[in-house]
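In what follows, a single structure is set out as structure tokens and then discussed.
Everything quoted here is computed from the prediction, not taken from an experiment. Letters go in sequence order (proteins before strands), and every chain restarts at 1.
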Number of protein chains: 2
Amino acid sequence: MTNTATIDRKSAERAARQELILQGALAVFKEKGLEGAKIDEIARVSGFGKATLYYYFTSKEEIFSALLLHGWLSLWHELEEIAVGGDSPRATFISMLKKIAEMVNTDRPLYEFLFQAPQSYTREENERSEWKAYQNRLYKVLMELIEQGIKQGEFPQMEPRLIMKAMGGLFHGLVFLGKDRDTITENEIEEMLGSLLG
Amino acid sequence: MTNTATIDRKSAERAARQELILQGALAVFKEKGLEGAKIDEIARVSGFGKATLYYYFTSKEEIFSALLLHGWLSLWHELEEIAVGGDSPRATFISMLKKIAEMVNTDRPLYEFLFQAPQSYTREENERSEWKAYQNRLYKVLMELIEQGIKQGEFPQMEPRLIMKAMGGLFHGLVFLGKDRDTITENEIEEMLGSLLG
DNA sequence: CGATAATTCGAACCGCGGGTCGAATTATAG
DNA sequence: CTATAATTCGACCCGCGGTTCGAATTATCG
């Protein structure tokens, strides 16, 4: 019978290998884009045989889902503190977006994947993917901040949904648009948001 | 020997059939998204046999390129007048974006395709597609308006590129973001842009 | 009408890429 | 050391979908 310590080590090694595969997948995605990411290449880059990938994951989609979940977990981990910080809606809202920008600057490929993949991948039934919950939670929190902010006169008196679209688009444009991948500074984010919010 | 009138009619019919195929392609794209658009279905929807499509177009990509070119041509046709209208940079800039929004509202599937496809499709060497020229021209004109506007104090004193990203993102967010495909009003566009531009 | 060119189309082709198989290698247990 | 389980992997499988083939149908013209 296998002893407990061995089982722990085994499962740790298993997790570590899954991690390696995810790193490889991210590298390939960064290089070739979501569509151009073939598992043969993910296998090659991560240093495993193709079949081994399927020993650790059941499908290509699971690999991407795991990557997405990782990203959203770490992002949400950072955002949660700010969200419950108790600052005014407007200050909280801006802080959260600044924090996201900061995270993006630390690991651009990961977060590019995080914010690009959903729209290309949300087709079909993988709606109830685990990572999706975090995306929804973030959306909800930001939306509530806007609604609160409007009540308190910190935001323009417009439809919340419209403000959300505007801020989302603005943020996305600043952080992700353009061939030049200059890291955007938090100051620039703040300046733009402040300008739009009056 | 084939007479001239017949040749004209023939080529007109050919163009008309190409048009039908493009309509079908757009319908399928609207329904299934860029990735999910199979030629079998485009053939079915447009009412031709699959092989007939290849009698009128050399490849799937050519179909999409033709669609893109059509869209950009009609869009540019509308924008050109405004661009050379001689109004102030800021007024011209806002008018152009409002006009684009107006066009989007008249034929959402087409313009969604127009603004969505490039990023998913620009991979590879089809850089010098014909439609790309129009996209670049639009970008250039808007960029110049921003630069002029900054000089004349009509825009915030910031890097033009940054303003471009912000405005582009904001516009895109307002017009395309969200599941709800409410047509956005020109007033809302103007209000948001004005707010951001101070 | 008869000959030739234009048009249409379903069947077949074929490369790509996700997923599986079975054998080989390595680790663990007793 | 032996038996068994865990892990690895290249070769193969197979469906999907873009493209092509060849035959059939239809239009054009003298």
Scan the side chains in residues 92-99 of chain B for donor-acceptor partners under 3.5 Å anywhere in the protein, sequence neighbours excluded, and list what turns up.
unit_1, atom_1, unit_2, atom_2, d
Thr92(B), OG1, Asp87(B), O, 3.3
Thr92(B), OG1, Ser88(B), O, 2.8
Ser95(B), OG, Ala91(B), O, 2.9
Lys98(B), NZ, Glu190(B), OE1, 2.7
Lys99(B), NZ, Glu78(B), OE1, 3.4

Mind listing the N/O atom pairs, protein and nucleotides 24-26 of chain D, below 3.5 Å?
none

Round to a whole Å and report the spacing from [atom1] of [X] to [atom2] of [N].
| X | N | atom1 | atom2 | result |
| --- | --- | --- | --- | --- |
| Ile21(A) | dC9(D) | CD1 | C1' | 13 Å |
| Arg14(A) | dA6(D) | CZ | P | 11 Å |
| Arg44(B) | dG17(D) | CZ | P | 13 Å |

Does a nitrogen or oxygen in the side chain of [X] sit under 4.0 Å from OP1 or OP2 of [N]?
| X | N | value |
| --- | --- | --- |
| Thr52(A) | dT7(D) | no |
| Arg17(A) | dT8(D) | yes |
| Tyr55(A) | dT7(D) | yes |

Partner set under side-chain contact (heavy atoms from CB on, under 4.5 Å) for [X], not counting sequence neighbours:
| X | value |
| --- | --- |
| Ala25(A) | Ile42(A), Ile63(A), Leu67(A) |
| Glu191(B) | Met158(A) |
| Tyr54(A) | Ile39(A) |
| Ser74(A) | Tyr111(A) |

Check whether the ring centres of Phe64(A) and Phe113(A) lie less than 6.0 Å apart, and answer yes or no.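 For Phe64(A) and Phe113(A), the ring centres are under 6.0 Å apart.
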What does the list of N/O pairs under 3.5 Å between the protein and nucleotides 17-22 of chain C look like, with a distance for each?
unit_1, atom_1, unit_2, atom_2, d
dG17(C), OP1, Lys38(A), NZ, 2.8
dG18(C), OP1, Lys60(A), NZ, 2.8
dG18(C), OP2, Ile39(A), N, 2.9
dG18(C), N7, Lys50(A), NZ, 3.2
dG19(C), OP2, Tyr54(A), OH, 2.8
dG19(C), OP2, Lys60(A), N, 2.9
dG19(C), N7, Lys50(A), NZ, 3.3
dG19(C), O6, Lys50(A), NZ, 2.6

Which pairs pass salt bridge (charged side-chain N to carboxylate O under 4.0 Å, His left out) with one or both residues in residues 37-59 of chain B, sequence neighbours excluded?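 Only Lys32(B)-Glu41(B), Asp40(B)-Lys50(B), Glu41(B)-Arg44(B) qualify under salt bridge (charged side-chain N to carboxylate O under 4.0 Å, His left out).
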Answer with base, sugar-phosphate or nothing: what part of the nucleic acid does Phe57(B) contact at a heavy-atom distance below 4.0 Å?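 No contact at all - Phe57(B) keeps every heavy atom at 4.0 Å or more from the nucleic acid.
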Residues 138-148 of chain A side chain polar contacts: donor-acceptor under 3.5 Å, at least two apart:
none

